[in-house]
Amino acid sequence: MATEKNTIAVSSKVAVVRCDTYEERSVEAAVFRAVELLGGLESILSSGEKALSRESRIIMKPNLLAKTSPDKACTTHPAVFKAVGSLLRKNGYNNLKYGDSPGNPMIKVEKVAEECGIKEAADAMDIPLGNFESGIQVDFPKGRAADRFILCDEVVKADGIINICKMKTHQLERITGAVKNTFGCVYGINKGASHARFATAEVFAKMIADLNNLVKPKLHIMDGIVAMEGNGPQSGTPKAMNVIMVSQDPVALDAVFCYLVDLKPELVPTNVSGMEQGVGSWQNLNIISENGQMTIEEAVKEYGDRSFNVQRSTEYRGMLKPIRFLRPLLEKKPVVKTERCIGCGICVNACPVEGKAIYVKKAKKGKPAAVYNYDRCIKCYCCQEMCPEEAITVKKSLLARIMDRNWKV
Ligand code: SF4
Ligand code: SF4
């Protein structure tokens, strides 16, 4: 596993390749091309800190948040996973395993991988599932927010990680891309506790930046062919963005994601902490596409979609501090759509607050449904993230919605 040394990311180069289908050969061509534009796999993996050889133990880490089918756009699409596996194999990297720590620690990783189509893709390439069902404590004294992590067994044993993330929205951090995807390296039952310990978006982002500095994936490959907008990271709406993006710098990669969806990178806490803590940078982006080097404006024109539904308001960056009386008018909170709720209690299990801020109320008539205790709620949105029925949404005030510019006219 990577050392805890705090160094600036190796490159702010981001390769963007158009791909508008999950047809396997097209995806493979796009992934291969993007990595080639970045400098080629061998050159990327064998250079810099924690260089990897053909014998190195490599973990392919897709996003396996929940048991959902690939067309929901919640998890990394198997075609992208397969293309990355094929790229590694063709370049002689054969000591491969895959895995992730799903949001619900009560569900086996293998079951989630099966439903998401990743297991079938991995089995077809003879890539075994790593051990993500147990954890080992790793100290990180240099961490700004966290001085230790309980990492999944396989992450600790690995020489390097290939981060195969998904382009999605996130209620706490606005987006979940490359930087946030490393949270799946943390052993399952400790993830909920992290939300309680690092309760605000900013502090949570600092912890995620520490984690990136600890595990340091060698390469980040983003599945943005069909992204997720709106009520992400599990209950949002699939949205075609038609891109595969690749970088060694997760902050730069997430910043390009932001630009493409008309979101300022500085509004994303994981970008801000990522830059402050030396994970990467979006200051000197070097965007390279099939048509050569591009400016941000050219990339946005070519690949962007400003109708993408994402939180764009400034509320969490402290920009409204001087006018505090406006803050209640910008409030947002999770709410249950009772007509969709089946009373399964997964949200209750996901809630990291001691004594719980959500419970399932048995009705005298009709079906049980989840109910909030907003006095306890820390607005971490773990419940919303884990609800399998898309029954939890985020209610925003009128002003917050105007500021998010999500109005469709
Ligand atoms: S809100 Fe969702 S997770 Fe919670 S009980 Fe209802 S269906 Fe289950
Ligand atoms: S109720 Fe939901 S948003 Fe509130 S603290 Fe619990 S998990 Fe977080």
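Note that the structure is predicted; figures quoted are calculated from it, not measured. Numbering starts at 1 and runs along the sequence shown. Just so you know, ligand 1 is whichever comes first in the structure, and atom 1 is the first atom listed for that ligand.
Because its NZ or CZ atom is both nearer than 6.0 Å to the ring centre of Y374 and within 45° of the ring axis, K333 counts as a cation-pi partner of that residue. The side-chain tip of K332 points at the ring of Y381 from less than 6.0 angstrom away and within 45° of straight on.
Among the atoms of C347, no N, O or S atom falls under 2.8 Å of atom 8 (Fe) of ligand 1. When distances to atom 2 (Fe) of ligand 2 are checked against a cut-off of 2.8 Å, C383 contributes an N, O or S atom below that limit. Metal site remark for atom 6 (Fe) of ligand 2: C351 contributes an N, O or S atom at a distance under 2.8 Å.
Near E389, the atoms of ligand 1 lying under 4.0 angstrom from a non-hydrogen atom of the residue are 7 (S). Interface atoms of ligand 1 facing G343, defined by a heavy-atom separation under 4.0 Å, are 5 (S), 6 (Fe). Taking every heavy atom of V353 and a limit of under 4.0 angstrom, the matching atoms of ligand 2 come to 5 (S). Contact atoms of ligand 1 toward G345: 5 (S), 8 (Fe) (distance under 4.0 Å to a heavy atom of the residue). In summary, the atoms of ligand 2 found under 4.0 Å from a heavy atom of Y381, numbered by their order in the structure, are 3 (S), 8 (Fe). In summary, the atoms of ligand 1 found under 4.0 Å from a heavy atom of I342, numbered by their order in the structure, are 6 (Fe), 7 (S). The I392 neighbourhood of ligand 1 comprises atoms 1 (S), with distances under 4.0 Å to a heavy atom of that residue. Per-residue contacts place A357 under 4.0 angstrom from the following atoms of ligand 2 (heavy atoms of the residue considered): 1 (S), 6 (Fe). Those atoms of ligand 2 that come under 4.0 Å of a heavy atom in P352, given as number and element, are 7 (S).
Checking side-chain atoms of K166 against main-chain N and O of G177 turns up no donor-acceptor pair under 3.5 Å. In terms of modelled atom types and a separation under 3.5 Å, the side chain of N373 and the main chain of I358 share no donor-acceptor contact. Side-chain N or O atoms of E133 include one that pairs as donor or acceptor with a backbone N or O of V109 at under 3.5 Å. A donor-acceptor pair is defined here as one N or O able to donate and one able to accept, closer than 3.5 Å; no such pair exists between the side chain of S247 and the backbone of A252. Checked by atom type and distance alone, the side chain of E302 never pairs as donor or acceptor with a backbone atom of R18 at under 3.5 Å. Although no hydrogens or angles enter the test, the distance criterion places no donor-acceptor pair under 3.5 Å between the side chain of D153 and the main chain of S134.
When hydrogens are left out, the protein atom nearest atom 1 (S) of ligand 2 is Y372 CE2, 3.4 Å; that is the closest non-hydrogen contact. Nearest protein heavy-atom neighbour of atom 8 (Fe) of ligand 1: C344 SG, 2.3 Å. Protein heavy atom closest to atom 2 (Fe) of ligand 1, with residue, atom name and distance, is C387 SG, 2.4 Å. Nearest non-hydrogen protein atom to atom 4 (Fe) of ligand 2 is C377 SG, 2.4 Å. For atom 6 (Fe) of ligand 1, the nearest non-hydrogen atom of the protein is C341 SG, 2.3 Å.
In this structure, R148 CZ and F140 CZ are separated by 13.5 Å, a value rounded to the nearest 0.5 Å.
Within the structure, ligand 1 lacks A350 among the residues with a heavy atom less than 4.0 angstrom away.
Checked for salt-bridge contact, D254 and K180 miss the test: no charged N lies under 4.0 Å from a carboxylate O. The pair D100-K61 meets the salt-bridge criterion, with a side-chain N (NZ, NE, NH1 or NH2) lying under 4.0 Å from an Asp/Glu carboxylate O.
At a 4.0 Å heavy-atom cut-off, ligand 1 touches P388 through the side chain alone. Residue contacts with ligand 1, taken as heavy atom pairs separated by less than 4.0 Å, do not involve V348 at all.
Annotation: F183 is not in aromatic contact with H170 [ring centroid separation under 6.0 Å not met].
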